[in-house]
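Numbered from 1 within each chain, the chains take letters A, B, ... in sequence-line order.
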2 protein chains.
Amino acid sequence: MHYLKCESSAPESVDGRILKAALGLFVKSGYHNVSVHDIQRAADVSIGSIYNHFGGKEGIAKALYFHLLNEMQGMVDGVLVETESARERCNRIIELLFEYTETRRDIIAFVLHQRHQEFLPGEPPICSAAPFRAMREVIQQGMDNGEIRRRDPWVAASAVFGSAIRMIHLRLDEVVNEPLPRYLDEILAGTWQGMEPDAASSPKKRKPMDLPGQSGVVVSDR
Amino acid sequence: MHYLKCESSAPESVDGRILKAALGLFVKSGYHNVSVHDIQRAADVSIGSIYNHFGGKEGIAKALYFHLLNEMQGMVDGVLVETESARERCNRIIELLFEYTETRRDIIAFVLHQRHQEFLPGEPPICSAAPFRAMREVIQQGMDNGEIRRRDPWVAASAVFGSAIRMIHLRLDEVVNEPLPRYLDEILAGTWQGMEPDAASSPKKRKPMDLPGQSGVVVSDR
DNA sequence: GTCTATATCCAGATAGAC
DNA sequence: GTCTATCTGGATATAGAC
């Protein structure tokens with residue numbers, strides 16, 4: 001929350017400068033192609049400070065990783081209070097991911113476009129981290145309340161978010177040249193066809209839209 | 001074609017041993033966490049041989065990269081002669097990708113799950129390589145002949161392949177525990193809903209399935 | 001072509017003055 | 001806490017015998 005929002009021209013904290021510089025370098029060149037000296041130079045601090053604050057390069061990466069996961073969780077939490085139906089929630093999440101890909105590119109690139117396991121040994125895959133679990137939870141609830149056709153949870157999540165994530169990758173690779181929000185409606189239209197349950201498959205409680213606000217959302221279990 | 005098919009117990013070529021060992025190590029630990037000594041040990045050859053054959057670690061990676069892209073192109077080419085409609089072709093490609101994810105895991109992991117630009121500087125993103133262009137070409141033809149609803153080519157490609165690729169990633173990350181082919185039908189069912197053109201949007205030449213074999217396929221432009 | 005032994009380099013990490 | 005200078009390990013790459 002406190003780092004990386006630093007568009008202010010005020011003198012930043014040392015931590016913030018280091019993290020911001022590291023994020024930019026990691027995203028541009030990849031973790032292993034960035035040396036502590038590179039970070040030190042870009043952040044305009046000394047090597048000693050880096051080791052004092054973060055214990056080393058991996059410490060920086062860890063801090064960044066958890067910090068950005070936390071920001072992402074905040075985003076998802078925000079969506080959960082703003083919206084009610086699973087469909088609205090997924091759409092809003094995709095919309096925000098698209099926006100951030102343009103306005104906070106490095107964050108999205110670090111979270112969605114890096115192989116964290118290659119430099120954070122012992123970390124589980126990022127898709128098992130809280131915000132991603134929360135996104136799957138949204139879909140699970142949609143299936144439970146009849147809003148989304150019931151199927152394997154992984155398949156459902158991939159069907160809903162797969163094409164959007166693919167577009168983000170293509171955009172980050174700079175093969176897609178238009179800002180992603182421009183494609184939002186087209187993507188969402190395609191996404192939801194085939195997601196509605198047919199009358200036969202989930203005949204029980206069909207109440208697509210009438211969930212009272214915050215209907216038993218159990219997502220903040222991070 | 002000649003490497004990596006080496007399930008024979010016959011004594012393999014030195015090149016093949018080196019590439020195979022490197023592939024396994026790169027996929028397991030990531031390019032930058034593998035040293036030439038690691039490869040040398042795993043392939044049971046000397047350092048000298050490695051430098052003689054490939055000029056160094058990056059040379060190995062380059063050779064692997066182009067070799068595997070070539071194998072993938074062969075797979076796509078095979079699909080193009082076996083099938084006719086765009087839908088059949090996409091389905092078959094996804095089916096094969098799912099199969100290979102189980103039976104030739106390292107190949108799929110190297111091609112689809114590594115950040116090549118971090119160790120092959122100067123290479124364009126892999127999605128601009130021939131087999132991926134060919135896959136988009138299939139979709140473009142599907143849109144041209146009215147088989148697929150017309151939309152932005154990137155969006156269409158992401159809609160068709162996005163969820164499948166996402167499932168492959170999840171499988172490679174070992175969060176999905178079932179073999180992917182088990183999900184094939186579920187995935188494909190979801191994929192094609194919403195892909196059909198409605199009567200209004202593409203009213204011209206509606207002939208969904210009656211393309212005579214190899215109808216002007218211009219894909220082998222690699 | 002294949003190997004071992006060696007050279008060179010540079011990244012990560014530390015020590016210790018201020 | 002911050003800095004500079006230094007140490008050390010390990011990686012890539014080479015030399016040169018066979």
Side-chain angles (χ1 to χ4, degrees), chain A residues 2-3 6 10-65 67 110 114-123, chain B residues 2-3 6 10-65 114-123:
Chain A
H2 41 312
Y3 307 128
C6 33
E12 235 173 297
S13 78
V14 173
D15 289 52
R17 283 219 312 279
I18 294 172
L19 288 178
K20 199 176 177 188
L23 175 62
L25 290 168
F26 288 164
V27 162
K28 182 161 73 94
S29 312
Y31 177 83
H32 292 284
N33 294 315
V34 174
S35 75
V36 180
H37 289 272
D38 294 332
I39 300 170
Q40 170 248 324
R41 224 171 302 132
D44 198 35
V45 297
S46 69
I47 297 251
S49 288
I50 289 187
Y51 280 91
N52 269 328
H53 282 253
F54 297 101
K57 195 167 82 157
E58 191 177 316
I60 299 177
K62 257 202 168 75
L64 260 181
Y65 183 73
H67 172 65
F110 189 87
Q114 297 268 319
R115 307 228 16 94
H116 314 98
Q117 303 193 87
E118 286 184 10
F119 54 88
L120 296 181
E123 279 304 311
Chain B
H2 43 311
Y3 307 128
C6 34
E12 235 174 298
S13 77
V14 173
D15 288 53
R17 285 219 312 280
I18 294 173
L19 288 177
K20 199 175 177 187
L23 175 62
L25 290 168
F26 288 163
V27 163
K28 183 162 71 94
S29 312
Y31 177 84
H32 292 284
N33 294 316
V34 174
S35 74
V36 179
H37 288 273
D38 294 331
I39 300 170
Q40 169 249 324
R41 223 172 302 131
D44 197 37
V45 296
S46 68
I47 297 251
S49 288
I50 289 187
Y51 281 91
N52 269 327
H53 282 253
F54 297 101
K57 194 167 80 156
E58 192 178 317
I60 299 177
K62 257 201 167 76
L64 260 181
Y65 183 74
Q114 297 268 320
R115 308 230 11 95
H116 313 100
Q117 303 194 87
E118 285 185 10
F119 54 88
L120 296 181
E123 279 304 311

Main-chain N/O of B:Val34 paired with B:Asp38 side-chain donor or acceptor, under 3.5 Å
no

Quick one: sort the A:Tyr31 and A:Phe119 rings into parallel, tilted or perpendicular, breaks at 30° and 60°.
parallel

Quick one: which of C:dC3, D:dT12, C:dT2 gets closest to the side chain of B:His53?
C:dT2

Nucleotide of D:dT2, C:dT2, C:dG12 approaching A:Asn52 most closely (side-chain heavy atoms)
D:dT2

Please report, rounded to the nearest Å, how far the P atom of D:dA13 is from the CD atom of B:Glu58.
8 Å

B:Tyr51 side chain, from C-beta outward: closest of C:dA13, D:dG1, D:dT14
D:dT14

Nearest-Å distance, NZ (B:Lys57) to C1' (D:dA13)?
13 Å

Between C:dT4 (C1') and B:Ile50 (CD1): distance, integer Å:
14 Å

Rounded to whole angstroms, how far apart are CD1 on B:Ile39 and C1' on D:dA11?
12 Å

For B:Glu118, is there any backbone N or O sitting under 3.5 Å from a side-chain donor or acceptor partner on B:His32?
yes

Whole angstrom is fine here: how far is it from CZ in B:Arg41 over to P in D:dG10?
12 Å

Starting at CZ of A:Phe26 and ending at P of C:dA11, how long is that distance when rounded to a whole Å?
14 Å

For the pair made of CD1 in A:Ile47 and P in C:dG16, what is the distance, rounded to whole Å?
18 Å

Report the distance from atom CD of A:Gln40 to atom C1' of D:dT2, rounded to the nearest whole Å.
12 Å

Which residue lies more 5' along DNA chain D, comparing A:Ser46 with A:His37 via nearest heavy atoms:
A:Ser46

Tell me if a side-chain donor or acceptor on A:Lys57 pairs with a main-chain N or O of A:Ile39 at a distance below 3.5 Å.
no

Does B:Ser49 make a side-chain N or O approach to OP1 or OP2 of C:dC3 shorter than 4.0 Å?
yes

